[in-house]
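Remember, predicted model here, so these are calculated numbers, not experimental data.
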Amino acid sequence: HSWILTVTTEDGMPVEGADISIEGDMPEHGHGLPTQPEVTAAQVSGTYLAEGLKFSMPGWWVLKFNIHAGDRKDTVSFNLLLKE
């Protein structure tokens, strides 16, 4: 499936030209995503399209988005509990 990401500065300005990578992990099982998602810029300023996300089983997942724009870097992590 795909996700739409919105990336802004602290004051809410859209971030353009960011390089975003995704890491997926299932800590209790010791494996990551079965796919290698890719992120591309979308048509609206500051939005990005993450495609190729697939969760292979229910349980606790951690998704980490590594964002690099210009000389700035940031990481955002999401904990997801997927149920059957």
With a 6.0 Å cut-off (strictly less than), is the heavy-atom count around CG of Leu81, excluding the residue itself, greater than 12? yes
Is any side-chain heavy atom of Glu84 closer than 4.5 Å to one of Pro58? yes
Member of Asp74, Thr47, Val76, Ile67 meeting the side-chain contact (heavy atoms from CB on, under 4.5 Å) criterion with Val7: Ile67
Heavy atoms only: give me the nearest Leu82-Met57 pair and the separation to one decimal. CD1-O, 4.4 Å
Residue pair Leu63, Phe55: steps toward the side chain to side chain contact (heavy atoms under 4.5 Å, CB included) verdict: CA-CA 11 Å; Leu63 279 184; Phe55 301 102; 3.9 Å; yes
Specify the closest pair of heavy atoms between Gly46 and Glu16, including all atoms of both residues, with the distance to one decimal. N-CG, 4.2 Å
Contact check, side chains of Pro27 and Val62, non-hydrogen atoms, under 4.5 Å: yes
Quick one: sort the His1 and Trp3 rings into parallel, tilted or perpendicular, breaks at 30° and 60°. parallel
For Glu38, I'd like to know if atom CD has over 12 heavy atoms of other residues, nucleotides or ligands within 6.0 Å. no
Can Trp61 and Asp25 be counted as having a side-chain donor-acceptor contact under 3.5 angstrom? no
Can you give me the closest heavy-atom contact between Glu51 and Thr40, atom names plus distance? OE1-OG1, 4.5 Å
Any heavy-atom pair between the side chains of Leu80 and Trp60 that's under 4.5 Å? no
Looking only at atom types and distance, does a side-chain atom of Tyr48 sit under 3.5 Å from a main-chain N or O of Ile4, one as donor and one as acceptor? no
Could you tell me the separation between the CD1 atom of Ile20 and the OG1 atom of Thr75, rounded to the nearest 0.5 Å? 11.0 Å
Within the structure provided, determine whether Leu49 and Val39 are in side-chain contact (heavy-atom separation under 4.5 Å). no
Any side-chain heavy-atom pair of Met26 and His31 under 4.5 Å: yes
Within-4.5 Å side-chain heavy-atom neighbours: Val15 and Met13: no
For residues Leu53 and Leu33, determine if any side-chain heavy atom of one lies less than 4.5 Å from a side-chain heavy atom of the other. yes
